[in-house]
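Chain letters run A, B, ... following the sequence lines, proteins first and then strands; every chain starts at 1. Bear in mind the structure is a predicted one, so any value in this text is a computation, not a measurement.
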Amino acid sequence: MTHTLYSAYAEKIDAVLAALEAEGALPAGTNRANVSVEPPRDPSHGDLATNAAMVLAKPAATNPRALAEKIVEHLQRDPAIVSAEVAGPGFINLRLAPETWTSEVAAIADLGDDYGKSAMGKGTRVNVEYVSANPTGPMHMGHCRGAVVGDALASLLEHAGHEVTREYYVNDAGGQVDTLARSTHLRYREALGEDIGEIPEGFYPGEYLVPVGQAAAEEFGDRFQNEPEAEWLPLFRAFAVERMMEVIKSDLAMLGIKHDVFSSEAALQAAKKPEAAEMWMREHDLVYDGVLEQPKGKTLEDWEPVELPLFRSTKFGDDQDRPIKKSDGKWTYFGADLAYHMQKAENADALIDIWGADHAGTVKRIKAAVAAMSEGQSEEGRKPIPFDVKLVQMVQLLRDGEPAKMSKRSGNFVTIADMVEEVGKDVVRFTMLTRKPEAQMDFDFAKVVEASKDNPVFYVQYAHARICSILRKAAEEGIAPSGEQLDLLGEDELTLVKQAAQFPREVEAAARAREPHRIAFYLYDLAAAFHAFWNLGNDDSQKRIIVAQQPELSAARLFLAVQIGQVIRNGLGILGVEAVEEL
RNA sequence: GCGCCCGUAGCUCAGUCGGAUAGAGCAUCGGAUUCCUAAUCCGGAGGCCACAGGUUCGAAUCCUGUCGGGCGCACCA
């Protein structure tokens, strides 16, 4: 059952509008889709505001304020609405009875960890694919943002009532894994005592392959030391990929990320999925044999026209049709990816990919492919698959203001492991989640380490720690939180409750927009409201949470504090950040 | 040349399917602690929301164009 106080009032207002239609004050069948019910930005305006009169004045052939008066007249009959006033150009501001808010506190207590969960998603299955870093080395900071955003989005969608699969696509079939295998073989020879000198061009130079070479030496002895490449390449490829995936999984674990499914591109190809996809596409005239034009704006010396199997992505707004196979007969990345998305669609009602902005150029073609597939399949009686690609913009990595390289080729990069060890998982996650993902961000390693003490994550965690602290203190004094007399709570407390009561609404809005960063900002605001409430006690000891002479009031305030802590914990849970008990 | 993303306070960023006087943090200036954690709070100063048009009761938000920054534009991955 979806619990949001705001949706309950949206229904009440809708009922009033329906009544006005029945009375003839509004024309029958008026479109009410644009009517909003939300808390006003300025709390002094009231608890709730609706724009109904302004939106509907035109169809009602009247002016907004006159219509507003009629709506207000109806709303005032509701005992839970203390006041309803027309303001400004025709807003209607409502104030709700204190009991509405105190019962919300009780609702938080009843629902506990479930407060904020929603049935909005109706249990539909969403597949979220994120990270999917190539298995050729440890994870670096370039992967971090997509990893954290994807993971938080997955939790957010779960809270909003979806059944979520967290998936990682392992690109273990392209040329880059051959390079990995060769680089590993080099380190293997090194481990067997050869002097390999400088790592030559075209090999991965990173130190992280040294232990992989040693492991290979233990595994294979000197069997492949002087053998031709054909003898060992597939074996070393599988061996190295498996080790790299262990490294990546352990890096992800440091960030608190765990995927449900790892899909291998090599396995996909071995199962002939791309062939099946191609056949289906050809049957539907979506793939044909053709020749690409020379790319514009770029001169390629060795360009020559070749006939390749092309997907008709121009039919879906792409600049150019895209090859699914290379001239050597192997699948392109896109060809395999297309089959991969068909596979994912078999077990999901919606697909979401989280990609780095450097792949923005390929969004159109994959969206085109999924749209084509979806369209074709819905003609065959299957449900179309909504598909969304969320682009996470680049993180510009700086070291003391200077751009830092982060390529695996050079081996010089800031790894996620380094970062987490330095500042902690919570700082890394919160930093990545306190900005919208489609804006670029700078990430200065030195600055973040230095400024980690000022990180907003501690502000939120401190609020939670304070709540835990006050409970310890109360226990010492023999006062237990109690929801028995919440009517003792006054204006100051209700201000805090109103902030907390936004949480379920915020979860739904964030999930609908697929923007987990909204939860981070919401928690910051809630923490601010709590800190402000706490500090009232510094000016006036009667406003402290524990007031020795007033045990009932103290018990009610403690109960409130516990519920605020609950909401903070639930929110941090979505973001994958710890709610600490002490700071 | 083309495509995608961004442009809001000195800096880093929020801004609810378009809503009332555009908000935080940092930095800066001034205050608050004999007492529940001062990693906190309260206040001051700081804005042509890049620019120009358009859409409408209403635009930081939507549309068009210009300028500026980033990313991409192989049969790579």
Side-chain angles (χ1 to χ4, degrees), chain A residues 33-34 36 38-42 45 49 51 54-55 57-58 63-64 87-91 93 134 136 171 173-177 265 292 294-298 300 302-303 306 308 317-320 322-328 330-335 337 356-364 391 393-394 396 434-442 447 451 453-456 458-459 461-463 465-466 468-474 477 502 505-506 509-510 512-513 517-518 520-521 524-525 527-528 530-539 541 544-547 554 557-558 561 582-583:
Chain A
N34 289 327
S36 70
E38 48 193 35
R41 287 202 176 142
D42 182 347
H45 289 144
N51 62 353
M54 290 186 291
V55 175
K58 197 178 264 184
N63 72 69
F91 285 101
N93 292 328
N134 285 339
T136 53
N171 301 132
Q176 83 282 2
V177 286
E265 183 183 358
L292 285 177
Q294 179 153 16
K296 297 190 179 74
K298 221 185 173 186
L300 298 171
D302 55 351
W303 188 88
V306 193
L308 294 167
D318 203 355
D319 314 330
Q320 180 174 71
R322 303 292 175 175
I324 59 170
K325 258 185 197 171
K326 300 187 257 183
S327 51
D328 65 1
K330 289 183 181 165
W331 297 100
T332 60
Y333 180 84
F334 171 63
D337 204 26
D358 50 343
H359 290 80
T362 64
V363 170
K364 270 189 185 166
L391 285 181
Q393 285 295 318
M394 296 284 101
Q396 158 115 348
T434 38
R435 51 215 72 209
K436 56 180 179 219
E438 64 269 25
Q440 299 156 230
M441 69 183 282
D442 288 349
K447 223 171 175 177
K453 286 193 286 299
D454 291 328
N455 196 288
F458 295 120
Y459 185 84
Q461 287 180 321
Y462 184 41
R466 270 184 155 174
C468 296
S469 161
I470 194 80
L471 285 171
R472 289 191 294 266
K473 179 84 178 171
E477 299 187 14
Q502 305 284 329
R505 203 179 151 264
E506 212 61 53
R512 205 175 294 121
H517 74 275
R518 291 196 194 190
F521 284 99
Y524 190 88
D525 290 342
F530 181 76
H531 287 309
F533 175 65
W534 174 285
N535 273 275
L536 292 173
N538 285 339
D539 297 332
S541 60
R544 284 198 233 153
I545 293 172
I546 301 174
V547 182
S554 301
R557 283 181 178 165
L558 277 171
E582 276 178 279
L583 213 59

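Between the CE atom of A:M394 and the P atom of B:C4 there is a distance of 17 Å, rounded to whole Å. Taking atom CG of residue A:L536 and atom P of nucleotide B:C36, one finds them 15 Å apart after rounding to whole Å. The distance between atom CG of A:L292 and atom P of B:C76, rounded to the nearest whole Å, is 11 Å. Computed from coordinates, the A:I470 CD1 to B:C36 C1' distance equals 3 Å when rounded to whole Å. Between the CZ atom of A:R322 and the P atom of B:C73 there is a distance of 10 Å, rounded to whole Å. The distance between atom CD of A:E438 and atom C1' of B:C5, rounded to the nearest whole Å, is 8 Å. With rounding to whole Å, A:D358 atom CG is found 15 Å from B:G3 atom C1'. For the pair A:K330 NZ and B:C75 C1', the interatomic distance rounds to 12 Å; values are reported in whole Å.
Heavy atoms of A:T332 sit under 4.0 angstrom from primed sugar atoms or phosphate atoms, though from no base atom. Counting non-hydrogen atoms under 4.0 angstrom, A:G356 reaches nothing in the nucleic acid. A:A509 comes within contact range of no nucleotide atom at all, as no heavy-atom separation falls under 4.0 Å. Within the nucleic acid shown, A:G537 comes within 4.0 Å of at least one base atom, counting heavy atoms only. Among the protein residues, A:E477 comes within range of no part of the nucleic acid, since none of its heavy atoms lies under 4.0 Å from any strand. Contacts of A:F334 with the nucleic acid, taken as non-hydrogen atoms under 4.0 Å apart, are absent. Among the protein residues, A:A465 comes within range of the nucleic acid bases, having at least one heavy atom under 4.0 Å from a base atom. Within the nucleic acid shown, A:P456 has no heavy atom closer than 4.0 Å to any nucleic acid atom. Among the heavy atoms of the strands lying under 4.0 Å from A:K364 are primed sugar atoms or P, OP1, OP2 only; no base atom is included.
For the P atom pair drawn from B:U56 and B:G15, the interatomic distance equals 28 Å after rounding to whole Å. When the P atom is used for both B:A27 and B:C17, the distance is 33 Å, rounded to whole Å. Comparing B:G58 with B:G47, their P atoms are spaced 28 Å from each other, to the whole Å. Remark: the separation of the C1' atoms in B:U33 and B:A22 is 34 Å, to the nearest Å. B:A74 and B:G54 have their P atoms separated by 40 Å, with the value rounded to a whole Å. To the nearest whole angstrom, the two C1' atoms, one in B:U28 and one in B:C67, are 32 Å apart. B:G7 and B:C13 have their P atoms separated by 10 Å, given to the nearest Å. Using atom C1' as the reference point in both B:G65 and B:G23, the two lie 30 Å apart (nearest Å).
In this structure, the side-chain hydrogen bond (donor to acceptor under 3.5 Å, both in side chains) partners of A:H531, at least two apart in sequence or on a different chain, are A:R466. Under the ring pair (Phe, Tyr, Trp, His ring centres under 6.0 Å) criterion, A:F533 pairs with no residue at all, not counting sequence neighbours. Taking A:R41 as the reference, nothing meets the salt bridge (charged side-chain N to carboxylate O under 4.0 Å, His left out) condition, with sequence neighbours excluded. Under the rule for a side chain to side chain contact (heavy atoms under 4.5 Å, CB included), the partners of A:N63 that lie at least two apart in sequence or sit in another chain are A:R65, A:A66. Under the salt bridge (charged side-chain N to carboxylate O under 4.0 Å, His left out) criterion, A:K325 pairs with A:E278, not counting sequence neighbours. Contacts of A:N538 classified as side chain to side chain contact (heavy atoms under 4.5 Å, CB included), with partners at least two apart in sequence or in another chain: A:N535. Checked against side chain to side chain contact (heavy atoms under 4.5 Å, CB included), A:S469 has the following partners two or more places apart in sequence or in another chain: A:R472. Contacts of A:Q176 classified as side chain to side chain contact (heavy atoms under 4.5 Å, CB included), with partners at least two apart in sequence or in another chain: A:N134, A:T136, A:N171, A:Y204. With sequence neighbours left out, A:R518 forms a salt bridge (charged side-chain N to carboxylate O under 4.0 Å, His left out) with A:E515.
The side-chain ring of A:H359 is not stacked on the base of B:G72, judged by centre separation under 5.5 angstrom and plane angle under 30 degrees.
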| task | Encode nucleotides 10-20 of chain B as B, S and - characters from 5' to 3', where the letter depends on protein heavy atoms closer than 4.0 Å: B to the base, S only to sugar-phosphate, - to neither. | result | --SSSSBB-BB
| task | Report, as a single string ordered 5' to 3', how protein heavy atoms within less than 4.0 Å touch nucleotides 22-34 of chain B: B base, S sugar-phosphate only, - not at all. | result | --SS------S--
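Here the nucleotide nearest the side chain of A:L308, chosen from B:A77, B:C41, B:C75, is B:C75. Closest to the side chain of A:R466, out of B:C75, B:A38, B:C71, is B:A38.
At most 12 heavy atoms of other shown residues, nucleotides or ligands fall within 6.0 angstrom of atom NZ in A:K330.
A distance of 9.5 Å separates NZ in A:K364 from CZ in A:R322, rounded to the nearest 0.5 Å. To the nearest 0.5 angstrom, A:D525 atom CG is 8.5 Å from A:E506 atom CD.
Taking the six-membered ring where the residue is Trp, A:F521 and A:H517 present perpendicular rings, their angle passing 60° and hence far from 30°.
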| said: Just to be sure I follow the notation: if a pair is Watson-Crick (purine N1 to pyrimidine N3 plus N6-O4 or O6-N4) or a G-U wobble (N1-O2 and O6-N3), each under 3.5 Å, what dot-bracket string does RNA chain B give, with | for pairs to another strand? | reply: (((((((..((((.....[...)))).(((((.......))))).....(((((..]....))))))))))))....
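Judged by atom type and distance alone, A:S327 reaches the base of B:C75 through a side-chain donor-acceptor pair under 3.5 Å.
Sequence order on RNA chain B of the closest nucleotides to A:F458 and A:I545 puts A:I545 first from the 5' end.
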| request: In sequence, state the C-alpha distance, the side-chain angles, and the governing distance for A:E438 and A:L391, and then conclude on side-chain contact (heavy atoms from CB on, under 4.5 Å). | output: CA-CA 6 Å; A:E438 64 269 25; A:L391 285 181; over 6 Å; no
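Taking only side-chain nitrogens and oxygens, A:W534 comes nearer than 4.0 Å to OP1 or OP2 of B:A38.
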